[in-house]
A.B. asks: 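Attaching a single structure in structure tokens format; questions to follow.
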Amino acid sequence: MSWWRTSQTRRAALSALVSLAAAGCSTPRKAGVPSRSFQGRTRVACVGDSITAGAGLAQPQSSAYPAVLAQLLGNAYEVRNFGVSGATLLKNGDLPYADTPAFIAALEFLPQVVVIALGTNDSKPQNWKFRNTFERDLYAMVRAFLTLPSQPTVYICTPPTVFEDHWGITAEITSRQIAPVIRKVSAREGWPLIDFEVATRVSGSSFPDGVHPDAVGAANLAMTVETAFRGR
């Protein structure tokens with residue numbers, strides 16, 4: 001098992017991050033710069049669905065994973081949350097992220113780093129029937145950011161593990177079908193991958209409704225993203 005699954009240090013860090021998020025404080029630890037250096041504050045756009053938005057959290061503005069990520073990265077970064085509850089990556093889904101004002105806002109932000117965490121809602125039957133366009137739609141979204149004048153580094157994420165099937169969202173689809181496609185595209189295109197599915201496999205207690213993380217689960221996602229940044 002990887003160190004982060006069993007380490008008391010990681011569990012203690014998660015607990016500390018949750019406490020800091022609740023207090024609205026920031027951490028002094030400085031993270032590495034993803035892939036290349038920028039002048040001024042590095043703009044990070046967190047694109048995603050309700051998990052990014054912080055659904056189910058008492059204080060999503062301070063405890064959703066993008067807010068905790070901002071605390072981890074420090075003042076050299078400006079992290080914004082562009083999460084939309086219910087959003088799909090699929091353009092033929094019931095709520096395509098590409099059709100939302102948040103997508104336009106994320107582009108207009110001219111980010112230098114983008115984290116795309118979509119796919120959970122795509123597993124719903126009414127959405128996954130359009131599975132044949134998933135790769136194409138993922139490619140189109142990433143390219144929309146890559147062609148910005150800010151020339152961002154774009155990370156693509158697998159959906160977190162689904163521990164209980166709800167709202168038509170199933171682990172059978174997210175873990176066994178959607179996550180492998182995202183990994184394949186990452187390897188083929190050379191786009192950096194953040195594997196939320198692997199990072200959350202043993203974190204069922206941090207997903208109280210089986211789909212959405214609590215504050216501890218959100219902090220785990222933030223640490224996973226920050227670790228990926230440092231690895232570039």
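Everything numeric here is computed off the predicted structure, so don't read it as measured data. In what follows, every heavy atom counts, from backbone to side chain, and hydrogens, waters and symmetry copies are set aside.
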A.B. asks: So, Ser50 and Ser85: side-chain donor and acceptor under 3.5 Å apart, yes or no?
C.D. replies: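 Looking only at side-chain atoms, Ser85 and Ser50 do not form any donor-acceptor pair under 3.5 Å.
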A.B. asks: For the CZ atom of Phe130 and the CG atom of Asp94, what is their distance to the nearest 0.5 Å?
C.D. replies: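 It is 9.5 Å, given to the nearest 0.5 Å.
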A.B. asks: Do Asp122 side-chain atoms and Gly119 backbone N/O form a donor-acceptor pair below 3.5 Å?
C.D. replies: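 Looks like yes, one N/O pair under 3.5 Å.
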A.B. asks: Measuring only between side-chain heavy atoms, which start at C-beta, is Glu226 closer than 4.5 Å to Leu73?
C.D. replies: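 With C-beta onward as the side chain, the pair touches.
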A.B. asks: Counting N and O atoms only, with roles assigned by atom type, does the side chain of Arg41 sit under 3.5 Å from a partner on the main chain of Asn75, one being a donor and the other an acceptor?
C.D. replies: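 Checked: pair present.
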A.B. asks: Between Ser63 and Gln59 (side chain of the first, backbone of the second, donor and acceptor by atom type, cut-off under 3.5 Å), is there such a pair?
C.D. replies: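 Side chain of Ser63 to backbone of Gln59, a donor-acceptor pair under 3.5 Å: yes, one is there.
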A.B. asks: Pick out which of Ile156, Val114, Thr147 makes a side-chain contact (heavy atoms from CB on, under 4.5 Å) with Val142.
C.D. replies: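 Option passing the side-chain contact (heavy atoms from CB on, under 4.5 Å) with Val142: Ile156.
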A.B. asks: Given Phe82, which of Phe109, Tyr97, Phe103 fulfils the ring-ring contact (aromatic ring centres under 6.0 Å, His included) condition?
C.D. replies: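 One option only clears the test, and that one is Phe109.
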A.B. asks: Search all heavy atoms of Pro208 against all heavy atoms of Pro213 and return the closest pair with its distance.
C.D. replies: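 Of all heavy-atom pairs spanning Pro208 and Pro213, the closest is CD-C, 4.4 Å.
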A.B. asks: Using the rule side-chain contact (heavy atoms from CB on, under 4.5 Å), only one of Leu95, Asp49, Leu118 pairs with Val84; which is it?
C.D. replies: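 Going through Leu95, Asp49, Leu118 one by one, the side-chain contact (heavy atoms from CB on, under 4.5 Å) with Val84 is satisfied by Leu95 alone.
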A.B. asks: Give the intermediate values and the outcome of salt bridge (Lys or Arg N to Asp or Glu O under 4.0 Å) for residues Arg143 and Glu189.
C.D. replies: CA-CA 11 Å; Arg143 290 298 303 170; Glu189 303 295 335; over 6 Å; no
A.B. asks: Is there a side-chain contact (heavy atoms from CB on, under 4.5 Å) between Tyr77 and Leu72 once you walk through the steps?
C.D. replies: CA-CA 10 Å; Tyr77 292 77; Leu72 284 169; over 6 Å; no
A.B. asks: Regarding Asn127 and Asn121, is there a side-chain donor-to-acceptor distance under 3.5 Å anywhere?
C.D. replies: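 The criterion, which ignores hydrogens and geometry beyond distance, is not satisfied for Asn121 and Asn127.
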A.B. asks: I'd like to know if the side chain of Thr200 and the backbone of Thr161 have a donor-acceptor N/O pair within less than 3.5 Å.
C.D. replies: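 Checking the backbone N and O of Thr161 against the side chain of Thr200, a donor-acceptor pair under 3.5 Å is found.
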A.B. asks: Which of these passes ring-ring contact (aromatic ring centres under 6.0 Å, His included) with His212: Phe163, Tyr65, Trp167?
C.D. replies: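 Going through the options one by one, the only one that passes is Trp167.
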A.B. asks: Between Glu197 and Arg176, is the closest basic N to carboxylate O distance under 4.0 Å?
C.D. replies: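 No, this pair does not count.
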A.B. asks: State yes or no: are the ring centers of Phe145 and Trp191 separated by less than 6.0 Å?
C.D. replies: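 Ring-ring flag for Phe145/Trp191: false, centres at least 6.0 Å apart.
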A.B. asks: Keeping Thr158 on the side-chain end and Phe196 on the backbone end, is there a donor-acceptor pair under 3.5 Å?
C.D. replies: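 It does hold such a pair.
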A.B. asks: What's the shortest heavy-atom distance between Pro66 and Thr52, and which atoms?
C.D. replies: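 That would be CD-O, 3.5 Å.
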A.B. asks: Using side-chain heavy atoms (C-beta onward) and a distance below 4.5 Å, is Ile178 in contact with Ser123?
C.D. replies: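 Ile178 vs Ser123: side chains touch.
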A.B. asks: Hey, does the side chain of Asp137 reach the backbone of Lys91 with a donor-acceptor pair shorter than 3.5 angstrom?
C.D. replies: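 Confirmed, Asp137 side chain pairs with Lys91 backbone.
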A.B. asks: Is there a side-chain contact between Ile116 and Met141 (heavy atoms, below 4.5 Å)?
C.D. replies: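 A side-chain contact exists here, since the closest heavy-atom pair is under 4.5 Å.
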A.B. asks: Measuring from atom NZ of Lys124 to atom CG of Leu90, what distance do you get when rounded to the nearest 0.5 angstrom?
C.D. replies: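 With rounding to 0.5 Å, NZ (Lys124) is 12.0 Å from CG (Leu90).
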A.B. asks: Measure across Leu69 and Cys46 and return the closest heavy-atom pair with its distance rounded to 0.1 Å.
C.D. replies: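 Looking at all heavy atoms of both residues, the closest pair is CD2-SG, 4.2 Å.
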A.B. asks: Just verifying a value: how many Å separate Leu57 CG and Ile51 CD1, rounded to the nearest 0.5 Å?
C.D. replies: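 Here the rounded value is 10.5 Å.
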A.B. asks: Strictly distance-based, threshold 3.5 Å: is any side-chain N or O of Ser206 a donor or acceptor partner for the main-chain N or O of Val216?
C.D. replies: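 No, the answer is negative, given that no donor and acceptor are paired below the 3.5 Å cut-off.
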A.B. asks: Has Asp165 got a side-chain atom pairing as donor or acceptor with Ala171's backbone, closer than 3.5 angstrom?
C.D. replies: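 Side chain of Asp165 to backbone of Ala171, a donor-acceptor pair under 3.5 Å: yes, one is there.
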